[in-house]
Student: 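One structure follows; several queries about it will come next.
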Amino acid sequence: MKQLRFIRIVAVLIMLAMAGCRNGDYIVPPVTTPVDTPVTHQRYKGFYLLNEGNMGSNKCTLDFFDFTSGTYSKNIYATVNPNVVKELGDVGNDIKIYGSKLYAVINVSNKIEVMEAATAKRLQQIELTNCRYMAFANGKAYISSYAGPVVIDPRSPLGIVAEVDTATLQITRRVEVGYQPEEMAVIGNKLYVANSGGYRPPDYDSTVSVIDLTTFKEIKKIHVDINLHRLKADSDGDLYVTSRGDYYNRPSALYVLDTKTDEVKKRFAIAASNLCIAGDTAYLYGSEYSYNTASWKINYGMVNVKTETLLPGNFITDGTEKNIKMPYGIMVDPETKDIYVTDARDYVSPGTLYCFDKTGKKRWSVITGDIPAHFVFLPAKQ
């Protein structure tokens with residue numbers, strides 16, 4: 001829940017501002033931990049995990065889990081790129097692989113780091129103010145941007161989506177969307193963008209922008225609910241969109257959009273902060289804060305995306321969820337169906353990555369960087 005984190009972290013920025021990211025030229029080598037027996041995947045070598053890091057501390061880091069060795073390596077970027085003085089930067093917000101390149105969106109540093117997917121060696125950076133999330137199609141990258149500074153402001157500008165040519169890494173077109181745009185998905189020749197309005201409470205945005213990729217114009221706004229965030233597509237082309245609510249009396253919820261009609265088709269009255277769709281199942285968790293009670297409510301759930309029904313029970317079946325203080329990232333391995341959940345804990349200390357098998361039983365856990373959040377699988381063929 002980054003909007004709440006933003007408000008809480010402002011109070012400690014003065015202390016964090018004195019923290020350096022390196023001492024001279026000394027590079028701390030990555031910590032490598034054996035956590036699993038080696039596994040041969042047909043499609044993937046492993047996965048990267050982007051740790052957001054505390055806002056203002058310049059502590060975004062990149063970890064890698066190697067399927068072939070069963071080892072987890074923390075903070076690999078600094079070793080691979082010893083000449084990058086500020087390392088990855090301030091607040092990692094998204095990570096994707098497209099072709100042979102690895103893209104990491106570094107929100108407060110106003111840039112996208114572009115690396116070799118196989119090695120994480122830096123190639124270039126793309127500058128974009130308050131960038132948020134990425135989507136790809138037809139040789140283009142699409143990046144959502146708040147288009148303004150990191151500050152709560154009712155006068156904040158409309159957000160944009162920038163189109164980037166993945167061959168030249170240059171911004172080619174921009175389109176204005178709603179306020180504080182977040183996650184996106186490409187369906188056919190249309191780009192869908194979840195608008196939050198998160199800098200404008202209580203006047204949140206409540207729309208999903210629909211962009212025609214040929215003209216790169218907004219052709220429609222779908223009214224959904226306030227403070228939208230996550231947006232994921234299933235195999236039938238439906239979109240699952242999360243609303244964070246207003247943290248007072250309007251609860252978080254999950255919506256299904258039909259992209260054939262561009263209309264809302266269903267609402268699930270369940271708190272949904274993040275989700276991952278694997279096969280016919282959407283795995284989700286909710287971490288919902290209430291200012292009325294000054295407390296958090298955590299829940300886990302599953303949705304059958306074929307029947308569009310909420311499934312009974314929790315995808316964690318051994319009680320380990322009781323050890324997770326603040327769920328913050330989720331991913332499901334499409335081959336093994338292993339489920340990965342991260343714990344951001346208190347947002348200012350190293351987090352934990354949990355691996356569960358497909359039956360929901362814990363296989364292993366490992367300490368990560370600060371605020372572990374965003375996953376991407378590294379394809380076996382690069």
Side-chain angles (χ1 to χ4, degrees), residues 32-51 62-74 76 92 94-99 102-104 117-118 120 134-136 183 185 230-236 240 272-285 300-306 311 313-318 320-321 323-324 327-344 351-369 372-382:
T32 298
T33 306
V35 295
D36 197 11
T37 55
V39 177
T40 300
H41 274 59
Q42 298 300 314
R43 295 168 59 186
Y44 303 107
K45 295 179 182 178
F47 62 79
Y48 290 103
L49 173 60
L50 186 68
N51 302 286
L62 185 65
D63 299 348
F64 183 72
F65 177 58
D66 188 333
F67 289 141
T68 60
S69 65
T71 57
Y72 187 88
S73 298
K74 288 178 57 179
I76 66 170
D94 195 15
I95 189 166
K96 295 283 193 301
I97 287 175
Y98 187 73
L102 172 67
Y103 299 79
M134 303 190 76
F136 294 86
E183 280 196 344
R230 305 291 183 177
L231 188 152
K232 298 287 196 298
D234 68 12
S235 59
D236 292 329
Y240 284 73
S273 301
N274 201 353
L275 73 157
C276 176
I277 299 176
D280 294 340
T281 306
Y283 301 80
L284 64 89
Y285 66 81
Y300 299 87
M302 296 175 288
V303 173
N304 184 312
V305 298
K306 287 294 184 183
L311 298 174
N314 180 355
F315 59 80
I316 301 174
T317 59
D318 62 359
T320 305
E321 72 275 11
N323 300 327
I324 301 175
Y328 205 77
I330 186 167
M331 179 185 69
V332 178
D333 187 320
E335 288 191 47
T336 66
K337 305 304 180 185
D338 283 346
I339 306 163
Y340 297 91
V341 178
T342 67
D343 184 358
T352 304
L353 169 64
Y354 291 86
C355 175
F356 301 92
D357 67 22
K358 62 184 178 181
T359 69
K361 293 180 172 57
K362 179 184 170 183
R363 296 187 60 226
W364 51 262
S365 64
V366 68
I367 300 300
T368 67
H374 310 284
F375 298 90
V376 66
F377 285 104
L378 175 63
K381 296 180 180 179
Q382 280 290 316

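Counting from 1, the numbers follow the sequence of the chain as shown. Keep in mind it's a predicted model, so treat the numbers as computed, not measured.
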Student: Using modelled atom types and a 3.5 Å cut-off, is there a donor and acceptor pairing between side-chain atoms of Asp94 and backbone atoms of Met134?
Tutor: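 Yes; at least one donor-acceptor contact below 3.5 Å.
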Student: Heavy atoms only: give me the nearest Pro327-Val341 pair and the separation to one decimal.
Tutor: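 Minimum heavy-atom separation between Pro327 and Val341: CB-CG1, 4.4 Å.
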Student: Could you check, using the six-membered ring where one of them is a Trp, whether Tyr285 and Tyr328 have ring centers closer than 6.0 angstrom?
Tutor: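 For Tyr285 and Tyr328, the ring centres are not under 6.0 Å apart.
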Student: With distance as the sole criterion, is a donor-acceptor pair present between the side chains of Asp343 and Tyr354 under 3.5 Å?
Tutor: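 Note: Asp343 and Tyr354 side chains miss the donor-acceptor criterion.
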Student: Looking only at heavy atoms, which two atoms of Val332 and Phe377 are closest? And how far apart?
Tutor: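 The pair with the smallest heavy-atom distance is O-CE1, 3.8 Å.
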Student: My understanding is that only residues two or more places apart in sequence, or in another chain, count here; which of them pass side-chain hydrogen bond (donor to acceptor under 3.5 Å, both in side chains) with Ser69?
Tutor: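 Partners of Ser69 under the side-chain hydrogen bond (donor to acceptor under 3.5 Å, both in side chains) test: Thr71.
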Student: Counting C-beta onward and ignoring hydrogens, is there a side-chain heavy-atom pair between Leu62 and Ile95 closer than 4.5 Å?
Tutor: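 In contact.
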Student: With sequence neighbours left out, what residues match Ser365 under side-chain hydrogen bond (donor to acceptor under 3.5 Å, both in side chains)?
Tutor: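 For Ser365, the residues satisfying side-chain hydrogen bond (donor to acceptor under 3.5 Å, both in side chains) (neighbours in sequence not counted) are Lys362.
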Student: Just to verify, what does Asp66 make a side-chain hydrogen bond (donor to acceptor under 3.5 Å, both in side chains) with, not counting sequence neighbours?
Tutor: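 Listed in chain order: Thr68.
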Student: Compute whether any side-chain donor of one residue and acceptor of the other, for Asp333 and His41, lie under 3.5 angstrom apart.
Tutor: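 Yes, a side-chain donor-acceptor pair sits under 3.5 Å.
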Student: Heavy-atom distance under 4.5 Å between the side chains of Phe67 and Phe47, does that happen here?
Tutor: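 Touching, per the 4.5 Å side-chain cut-off.
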Student: At what distance, to the nearest 0.5 angstrom, does CG of Asn314 lie from CD of Glu321?
Tutor: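 If we round to the nearest 0.5 Å, Asn314:CG and Glu321:CD are 5.0 Å apart.
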Student: Evaluate whether atom NZ of Lys358 has more than 12 neighbouring non-hydrogen atoms of other residues, nucleotides or ligands under 6.0 angstrom away.
Tutor: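 No, not enclosed.
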Student: Once rounded to the nearest 0.5 Å, what's the spacing between atom OH of Tyr240 and atom CG of Asp234?
Tutor: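 Atom-to-atom, Tyr240:OH and Asp234:CG are 5.5 Å apart.
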Student: Which heavy-atom pair separates Ala185 from Ala233 by the least distance, and what is that distance?
Tutor: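 Of all heavy-atom pairs spanning Ala185 and Ala233, the closest is CB-CB, 4.5 Å.
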Student: Check Ala380 against Gln42 and note the closest heavy-atom contact, atom names and distance.
Tutor: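 Residues Ala380 and Gln42, closest heavy atoms: CB-O, 3.9 Å.
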Student: For residues Ala117 and Leu378, report the shortest heavy-atom separation together with the two atoms involved.
Tutor: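 Reported closest heavy-atom pair: O-CD1, 3.3 Å.
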Student: For the CG atom of Asp36 and the SG atom of Cys355, what is their distance to the nearest 0.5 Å?
Tutor: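 Reported value, rounded in 0.5 Å steps: 6.5 Å.
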Student: Distance-only, no hydrogens or angles: does the Glu183 side chain make a donor-acceptor pair with backbone N or O of Leu231 under 3.5 Å?
Tutor: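 Flag set: sc Glu183 to bb Leu231 pair under 3.5 Å.
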Student: Between Tyr103 and Tyr98, is any pair of side-chain heavy atoms under 4.5 Å apart?
Tutor: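 A side-chain contact exists here, since the closest heavy-atom pair is under 4.5 Å.
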Student: Once you measure the plane-to-plane angle for Phe64 and Tyr48, does it fall in the parallel (<30°), tilted (30-60°) or perpendicular (>60°) bin?
Tutor: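 Tilted, since the angle between the ring planes falls between 30° and 60°.
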Student: Trp364 and Phe65: ring pair (Phe, Tyr, Trp, His ring centres under 6.0 Å), yes or no, with the steps?
Tutor: CA-CA 12 Å; Trp364 51 262; Phe65 177 58; 5.0 Å; yes
Student: I want to check something: taking the side chain as every heavy atom from C-beta on, are Arg230 and Ser273 in contact at a cut-off of under 4.5 Å?
Tutor: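 No - every pair of side-chain heavy atoms lies 4.5 Å or more apart.
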Student: Between Thr32 and Ser73, which heavy-atom pair has the shortest distance, and what is it?
Tutor: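 Closest heavy-atom pair between Thr32 and Ser73: OG1-OG, 3.0 Å.
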Student: Calculate, to the nearest 0.5 Å, the distance between atoms CD1 and OG1 belonging to Ile324 and Thr342 respectively.
Tutor: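 Spacing of CD1 (Ile324) from OG1 (Thr342) equals 8.5 Å.
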Student: Rounded to the nearest 0.5 Å, what separation is found between the CE atom of Met331 and the NE2 atom of His374?
Tutor: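 Answer rounded to 0.5 Å: 13.0 Å.
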Student: Would you say the ring centroid of Tyr283 lies under 6.0 angstrom from that of Tyr300?
Tutor: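 No, too far apart.
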Student: Rounded at 0.5 Å granularity, tell me how far CG in Asn51 sits from OG1 in Thr368.
Tutor: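 Result: 4.5 Å between the selected atoms.
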Student: Hey, are the side chains of Lys232 and Cys276 touching, using non-hydrogen atoms and a 4.5 Å cut-off?
Tutor: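 No, side chains not in contact.
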